[in-house]
Amino acid sequence: MIIIRVELHSAITRKVTELARMRICNIGGTVDRGDYHVATLRGRSTEQLDRGAVTREGNVRDYPRRAIHVWHLVARALIALGYAGKGVQIEAADLFEAATDQSSNQPTNTRRPEGT
């Protein structure tokens, strides 16, 4: 399994905060071509991410694991999950409890990214 962590390293406080996490799991293929199950976890802190709640999941198939760098696998995983590419849209699962109107339990900011 490959774990991708996004961390903020504060230049002011020197505090390290984990902001996001992705799991990439090998589910088969051959020595040269791989199939992977990918998932991003819900949360914006190590404590929240450690709960293991999946926000989005998908698959990357037929990845040329020996021919190109692992960053290409990460990019393909992001595309497979809808975080990158032409059809990017915010999904309800992406919104955090902190971003909901407490009285109606509805998201307060559901603005789509530019160009969608």
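In this chain, numbering begins with 1 at the start of the sequence shown. Only this structure's heavy atoms are used, side chains among them; waters, hydrogens and symmetry mates stay out.
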Q: Please confirm whether the backbone N or O of Leu41 pairs with a side-chain atom of Arg21, one donor and one acceptor, at under 3.5 Å?
A: no

Q.
Applying a strict under-4.5 Å side-chain criterion to I, L, V, M, F, W and Y, I'd like to know whether Tyr36 and Ile4 cluster together.
A. yes

**Q.** Minimum heavy-atom distance between Ala80 and Asn59, given as atom pair plus value
**A.** CB-O, 3.6 Å

Q: State the CG-CD1 distance between Leu49 and Ile3, to the nearest 0.5 angstrom.
A: 10.5 Å

Q) What are the two closest non-hydrogen atoms of His72 and Tyr63, and how far apart are they? A) CB-OH, 3.8 Å

Q) Are Ile27 and Ile2 connected in a single hydrophobic cluster, I mean Ile/Leu/Val/Met/Phe/Trp/Tyr linked by side-chain heavy atoms less than 4.5 Å apart? A) no

**Q.** Heavy-atom pair with the smallest gap, counting every atom of Thr17 and Arg44
**A.** CG2-O, 4.3 Å

**Q.** CZ-CG distance between Arg33 and Asp62, expressed to the nearest 0.5 angstrom
**A.** 4.0 Å

Q: Look up atom CD in Glu7 and atom CD in Glu18, then write down how far apart they are to the nearest 0.5 Å.
A: 6.0 Å

**Q.** ILVMFWY cluster, Val60 and Trp71 together (side-chain gap under 4.5 Å)
**A.** yes

Q | Value rounded to 0.5 Å, distance of NE2 in His37 from SG in Cys25 | A | 6.5 Å

Q. Is Ile79 reachable from Val54 through a run of I, L, V, M, F, W or Y residues, each pair having side-chain heavy atoms under 4.5 Å apart?
A. no

(Q) For Arg23, give me all partners under salt bridge (Lys or Arg N to Asp or Glu O under 4.0 Å), at least two apart in sequence or on another chain. (A) none

Q: Walk me through it: do Met22 and Val6 pass the test side-chain contact (heavy atoms from CB on, under 4.5 Å)?
A: CA-CA 9 Å; Met22 176 193 293; Val6 178; over 6 Å; no

(Q) As a test of understanding, state which of Asp35, Leu73, Asn26 forms a side chain to side chain contact (heavy atoms under 4.5 Å, CB included) with Arg65. (A) Asn26

Q. Tell me, which pairs form a salt bridge (charged side-chain N to carboxylate O under 4.0 Å, His left out) where one or both residues lie in residues 73-84, sequence neighbours left out?
A. none

Q: Using atom types as modelled and distance alone, determine if a side-chain donor or acceptor of Thr55 lies under 3.5 Å from a backbone N or O of Arg42.
A: yes

